[in-house]
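What follows is a short report on a single structure.
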Number of protein chains: 2
Amino acid sequence: MEKDFITTLREHGLQVTYQRLAIYQALFHTKEHPSAESIYQQVRKRFPMISLGTVYKTLERFSEAGLIQKVSPMTEVARYDADVTPHLHFVCLHCQMIKDLEDPAFDMNIPMPNTNGFQIVRRQVLFQGYCPNCRKRQ
Amino acid sequence: MEKDFITTLREHGLQVTYQRLAIYQALFHTKEHPSAESIYQQVRKRFPMISLGTVYKTLERFSEAGLIQKVSPMTEVARYDADVTPHLHFVCLHCQMIKDLEDPAFDMNIPMPNTNGFQIVRRQVLFQGYCPNCRKRQ
DNA sequence: ATTCTTGCAAACGGTTTGCACATAC
DNA sequence: GTATGTGCAAACCGTTTGCAAGAAT
């Protein structure tokens with residue numbers, strides 16, 4: 001994996017540093033979906049000199065390059081909706097516009113996959129991309 | 001609507017104040033999914049004395065009571081995932097644990113409903129609720 | 001040699017908190 | 001009269017930014 005990831009970094013024009021390898025490795029070896037702080041604590045065990053700022057910058061770069069996924073938040077600030085019925089949301093990655101999507105064909109009653117003690121309170125389906133306006137200006 | 005909402009507030013043991021009515025009304029009359037700040041600016045036109053803190057507290061109360069919906073963020077802090085393949089996420093509302101859900105029956109290739117100039121980059125399906133541990137302690 | 005990255009510390013900004021006063025019940 | 005809510009300001013905390021020193025190419 002190490003070798004492959006070095007290649008991947010180079011393919012994306014990213015320099016190879018031990019910090020980046022350590023950060024990716026920490027993320028790769030867990031299913032916890034850790035926060036930046038948590039990854040920082042993990043990596044610090046081996047490299048006490050690393051800084052939290054580097055972890056943030058690195059995760060941002062990886063995320064931009066599509067090497068990792070930022071699970072949340074979907075927008076920088078909280079947004080509210082008076083409509084509490086389940087429906088789809090589209091979030092523009094550029095202007096942060098949120099639009100309700102109607103699709104009668106889409107079944108919001110997604111069956112909870114093997115519930116196994118997990119109690120589902122609500123579900124949210126989000127589409128991310130670019131709205132017509134922001135699409136033009138790219 | 002005003003009358004019904006007053007009833008709804010009382011049903012949830014919430015006192016009726018003109019601030020709460022104004023905040024709900026501002027949210028109810030838009031499809032913009034506004035932020036707290038944006039709602040504050042709107043309400044301020046009619047009630048210049050209202051404070052941003054009150055807007056935050058009120059939205060939190062409404063959200064807890066299920067009168068409105070907090071669209072995002074799903075967790076307070078950003079969380080990362082080395083797995084970039086589309087998959088379902090479960091987020092525990094209590095401990096913030098995130099779990100990947102596998103469901104072969106669920107089609108992640110959700111068709112984009114009437115795309116109309118919206119360019120979809122990615123989609124995310126989130127389930128919120130309580131994990132087995134936190135469920136017990138409730 | 002040049003460009004990119006790191007570490008540090010300060011700044012930023014959305015959100016929360018504490019508390020005295022005011023309002024709803 | 002009591003419990004609840006408001007307004008204000010300060011605190012909080014996750015994240016970003018600026019910059020000089022260091023490392024990668």
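Below, chains carry the letters A, B, ... as their sequence lines are ordered, and counting in each starts from 1.
For the pair A:I39 and A:P34, the tightest heavy-atom approach, listed with the atom from each and the gap, is CG1-CG, 3.7 Å.
Between A:E64 atom CD and D:dT15 atom P the separation is 16 Å, expressed in whole Å. Rounded to whole Å, the distance from CD on B:Q19 to P on D:dT4 is 17 Å. B:L52 places its CG atom 11 Å from the C1' atom of C:dG13, with the value rounded to the nearest Å. In this structure, CG of A:L21 is placed 10 Å from P of D:dA24, rounded to the nearest angstrom. Straight-line distance from the CZ atom of A:R20 to the C1' atom of C:dT6: 9 Å, rounded to whole Å. When rounded to the nearest whole Å, the span between CG of B:L59 and P of C:dT16 equals 10 Å. One interatomic measurement links the two molecules: CZ of A:F47 to C1' of C:dG7, which rounds to 15 Å at whole-angstrom precision. With rounding to whole Å, B:I23 atom CD1 is found 11 Å from D:dG5 atom C1'.
The backbone N or O of B:Q15 lies less than 3.5 Å from a partner atom in the side chain of B:R20, making a donor-acceptor pair.
DNA chain C is contacted by both A:T58 and B:G53; A:T58 maps to the nucleotide lying nearer its 5′ end (nearest heavy atom per residue). For the pair B:P48 and A:E60, both in contact range of DNA chain D, the more 5′-proximal nearest nucleotide belongs to B:P48.
OP1 or OP2 of C:dG7 lies within a sub-4.0 Å distance of a side-chain N or O belonging to A:T54.
Note that SG of A:C131 and CD of B:Q119 are 10.5 Å apart. Values are rounded to the nearest 0.5 Å. Rounded to the nearest 0.5 Å, atoms CZ (B:F5) and CZ (B:F28) are 10.0 Å apart.
Checked by atom type, the side-chain pair A:S51/A:T54 shows a donor-acceptor distance below 3.5 Å. Side-chain contact annotation: A:D100 with B:H33, donor-acceptor N/O pair under 3.5 Å present.
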Mark up nucleotides 18-25 of chain C, 5' to 3', with B wherever a protein heavy atom is under 4.0 angstrom from a base atom, S wherever such an atom reaches only the sugar-phosphate, and - elsewhere. B-----SS

What's the verdict on side-chain contact (heavy atoms from CB on, under 4.5 Å) for A:L9 and A:L67, showing C-alpha distance, side-chain angles and the deciding distance? CA-CA 9 Å; A:L9 283 177; A:L67 309 183; 4.2 Å; yes

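Across B:T17, B:L59, B:I68, a single residue satisfies side chain to side chain contact (heavy atoms under 4.5 Å, CB included) together with B:I23, and that is B:L59.
In this structure, the helix from C:dA1-D:dT25 to C:dC25-D:dG1 shows an angle of 40° between the axis at its start and the axis at its end, each fitted on 5 base pairs and rounded to 10°.
Closest to the side chain of A:Y56, out of D:dG7, D:dG5, D:dT15, is D:dT15.
Between A:F127 and A:F90, a ring centre-to-centre spacing not shorter than 6.0 Å is recorded.
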